[in-house]
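Please read all numbers here as calculations on a predicted model, not as lab measurements. We number each residue from 1, following the sequence as shown.
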Amino acid sequence: MPFYHLRSSGFWHLKVKPENSTEFERLTSISNARVRNLVDFAYLDDELFDYLQSSTTAPILRHALTANLDTLEQQYARWAIKLGKSEKTVKNYLGALKSSIPSWLNGSGSDSGYVYQSLLSVSNYFGI
C-alpha cells in the first residue's frame with residue numbers, strides 16, 4: 001500500500017487501469033487487493049530513475065536518503081510510543097531486540113552456522 005500513499009510524492013506515479021480511473025479518484029482508503037484491481041503498475045519519474053541508474057549520482061542519492069532517515073531503533077521507539085507503550089517499556093523492548101534475543105539465539109543455535117546480531121541492524125542492500 002505504500003504505492004498508493006506515495007502517489008502524492010511528485011516522483012512516484014501509479015498507472016491506473018483506464019476503466020478504473022473514476023473509482024480510483026474517489027478513494028479515501030485502500031487495501032492491497034483493491035490496489036491490484038485498480039492499478040496496472042507503479043513507476044518513478046524518468047529523471048529520478050536515470051539518477052538511480054547512474055554510477056555517479058546513485059551513491060550521492062543513497063547517502064542523502066540514509067542521512068535523512070531515522071534508525072530502526074528510532075522508528076520502532078516512535079511506533080511503540082504511538083501505540084501507548086511507556087518510555088520504560090520501549091527501552092526494555094529495545095534492549096531485548098538489541099541484545100537479549102540475539103544472545104539467546106547465539107547460545108541455542110551456535111552449531112547451526114548462523115551468526116545472530118541485533119534485530120535492529122540493517123544490511124546494505126546496494127553492495128556499494
- What residues form a side chain to side chain contact (heavy atoms under 4.5 Å, CB included) with Asn37, not counting sequence neighbours?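 Here no residue qualifies.
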- Task: For Arg26, enumerate each residue passing the side chain to side chain contact (heavy atoms under 4.5 Å, CB included) test, keeping only those at least two apart in sequence or located in another chain.
- Result: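 Checked Arg26 against side chain to side chain contact (heavy atoms under 4.5 Å, CB included); matches are Thr22.
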Minimum-distance pair of heavy atoms, taken over all atoms of [X] and [Y]:
X	Y	value
Val90	Ile81	CG2-CD1, 3.8 Å
Ala58	Leu52	CB-O, 3.5 Å
Leu48	Leu61	CD1-CD1, 4.4 Å
Thr56	Ile60	O-CD1, 3.5 Å
Pro59	Ser54	CD-O, 4.2 Å

Any chance you could measure [X], atom [atom1], to [Y], atom [atom2], to the nearest 0.5 Å?
X	Y	atom1	atom2	value
Asp50	Asp45	CG	CG	10.0 Å
Leu38	Ser31	CG	OG	8.5 Å
Asp46	His13	CG	NE2	8.5 Å
Tyr93	Trp79	OH	CH2	8.5 Å
Phe24	Arg34	CZ	CZ	10.0 Å
Asn20	Leu27	CG	CG	9.5 Å

- Item | Salt-bridge criterion met for Lys17 and Glu23 (N-O under 4.0 Å) |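 So Lys17 does not pair with Glu23 through a salt bridge.
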- Task: Start with the C-alpha distance between Trp12 and Tyr43, add both sets of side-chain angles, then the distance that settles side chain to side chain contact (heavy atoms under 4.5 Å, CB included), and finish with yes or no.
- Result: CA-CA 6 Å; Trp12 184 265; Tyr43 62 97; over 6 Å; no
- Task: Assess whether atom CD of Glu19 is packed by more than 12 heavy atoms of other residues, nucleotides or ligands within 6.0 Å.
- Result: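 Yes - once you tally the heavy atoms of other residues, nucleotides and ligands closer than 6.0 Å, there are more than 12.
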